[in-house]
Amino acid sequence: MSRAAGRAAGSRVVETVPVALGDRSYDILIGSALLPELGVHLGGIVRPGVAAVVTNPTVRGLYGEVVATALAGVGFDPVTIEVPDGEAHKNLASLARIYDGLVAARVERGSLIVALGGGVIGDLAGFAAATFLRGVPFVQVPTTVLAQVDSSVGGKTGVNHPSGKNLIGAFYQPRKVIIDLDTLNTLPARELRAGLAEVVKYGAILSASLFAAIERDLDRLLACDHDALRPVIRECCALKAMVVERDERETDYRAILNFGHTLAHAIESLTGYERYLHGEAVAIGMTFAARLSHRRGLCAAETVERLVRALQAFGLPTEIPPGLDRERIAQVVASDKKVAARNVKFVCLENIGAIRFEAIAADEVAALAVGGDLLGC
Ligand SMILES: NC(=O)c1ccc[n+]([C@@H]2O[C@H](COP(=O)([O-])OP(=O)(O)OC[C@H]3O[C@@H](n4cnc5c(N)ncnc54)[C@H](O)[C@@H]3O)[C@@H](O)[C@H]2O)c1
Ligand SMILES: [Zn+2]
């Protein structure tokens with residue numbers, strides 16, 4: 001598939017996906033047992049010195065020691081900076097804590113910041129790296145499916161503000177992304193399934209062959225079988241790299257990745273970010289977007305059915321929770337950063353692997369979401 005290069009290390013396969021962004025280019029490494037040799041993979045990025053590992057107590061307990069040992073093994077001086085676990089802590093208070101840690105560790109422009117954790121840690125550590133001393137080199141070591149296929153690649157970093165998600169941020173690319181599939185062995189099943197929603201998204205919007213591979217290997221993916229996960233995660237990373245190379249700063253094409261996200265963001269916001277994991281809300285949002293596309297005559301009923309079957313096989317929700325307020329959905333949709341003149345640049349499905357952008361009024365999206373017209377099809 002695509003442009004990933006494979007390298008066998010014994011019986012182990014390590015894949016490399018390049019992200020070509022001129023002087024901000026980097027590689028994504030995907031394989032098993034990569035954490036113990038992390039130091040080796042960081043060779044050439046910076047000279048060994050202080051390496052600040054930003055993580056949370058959950059991930060530190062599982063992987064903090066192996067990472068610190070691997071860094072020390074090649075001459076780095078590892079310092080761990082911990083922030084509390086959870087989306088609620090992707091905020092300015094945690095950022096301040098990271099800056100304090102970086103100052104205390106005497107991090108310099110030639111030092112290294114290592115983001116070890118899920119998307120929350122990656123976004124926080126990445127933004128700290130973008131801003132501390134006006135930029136310190138950083139690497140992503142993502143440990144959730146969502147972070148491995150989405151948030152660790154592409155350079156979006158940031159924190160939440162009380163009035164909205166990701167309102168404060170920067171584009172700042174990592175120097176490398178190191179994906180150790182072994183970390184997924186400890187991931188709670190619900191987090192694994194939610195991450196797989198984003199995997200389904202890549203197939204639905206960009207690759208019929210990826211979607212077919214997902215359909216074929218549903219059970220093995222759910223069982224966290226590395227031989228099934230590796231090519232799928234590699235393909236997602238390659239697709240994300242392609243999108244980011246074409247439109248790094250989301251001036252237009254990168255918005256393709258928002259498939260299912262318009263409604264997902266509204267559902268997350270209106271349920272207080274507590275009822276659904278992000279991927280679960282995205283599963284509902286993608287189903288909605290596909291049904292809306294079908295209603296507009298853009299895709300066949302069979303396309304919608306295939307999408308829903310895959311999501312449901314992963315145990316993901318597909319139906320909009322009852323009782324959401326139509327006016328508030330319209331408000332949230334219209335207040336999205338990407339909305340112009342109350343028209344949403346909505347990602348519609350034409351087929352599995354093919355989309356098109358449609359301008360749809362926020363009010364219409366909200367009306368369809370609560371009107372019951374798009375339940376099933
Ligand atoms: N920057 C981007 O382009 C981008 C894209 C998508 C999402 N995001 C952001 O990503 C965040 C969501 O990321 P997430 O879904 O990874 O959530 P998360 O970082 O909160 O991780 C989910 C949970 O899993 C735990 N965990 C992480 N790795 C583990 C492991 N290997 N074993 C056991 N537990 C583990 C975490 O401690 C946490 O409790 C959101 O803040 C979202 O805005 C960013
Ligand atoms: Zn998402």
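Both counts, for ligands and for their atoms, begin at 1 and track the order of listing. Please read these numbers as outputs of a predicted model, since none were measured by experiment.
- For CZ of Arg220, the number of neighbouring non-hydrogen atoms (other residues, nucleotides, ligands) closer than 6.0 Å is greater than 12.
- At least one N/O-N/O distance between Thr143 and ligand 1 falls below 3.5 Å.
- At least one heavy atom of Lys240 sits less than 4.0 Å from an atom of ligand 1.
- Counting protein heavy atoms only, atom 4 (C) of ligand 1 is closest to Ser151 CB, 3.2 Å.
- In Leu187, the parts holding a heavy atom less than 4.0 Å from any atom of ligand 1 are both the side chain and the backbone.
- With the Zn ion (ligand 2) as vertex, His261 NE2 and His278 NE2 subtend 100°, rounded to 10°.
- Contacts of Lys90 with ligand 1, taken as heavy-atom pairs under 4.0 Å, involve the side chain alone.
- In this structure, Glu87 is part of the shell of residues with a heavy atom less than 4.0 angstrom from ligand 1.
- Residue Lys165 places a heavy atom less than 4.0 Å from ligand 1.
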What's the verdict on salt bridge (Lys or Arg N to Asp or Glu O under 4.0 Å) for Asp123 and Lys90, showing C-alpha distance, side-chain angles and the deciding distance? CA-CA 8 Å; Asp123 282 9; Lys90 198 175 103 174; 2.9 Å; yes
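- When non-hydrogen atoms are compared, ligand 1 lies under 4.0 Å from the side chain of Val59 (C-beta onward) but not from its backbone.
- Considering backbone and side-chain atoms together, Arg254 places no N or O closer than 3.5 Å to any N or O of ligand 1.
- The shortest heavy-atom contact between Val332 and His265 is CG1-O, 4.4 Å.
- Of all the N, O or S atoms in Glu198, the one closest to the Zn ion (ligand 2) is OE2.
- Close contacts of ligand 1 with Leu62, meaning ligand atoms under 4.0 Å from a residue heavy atom, involve 32 (N), 33 (C).
- Remark: atom 40 (C) of ligand 1 lies closer than 4.0 Å to at least one protein heavy atom.
- Heavy-atom contacts from other residues, nucleotides or ligands closer than 6.0 Å to CZ of Arg328 number 12 or fewer.
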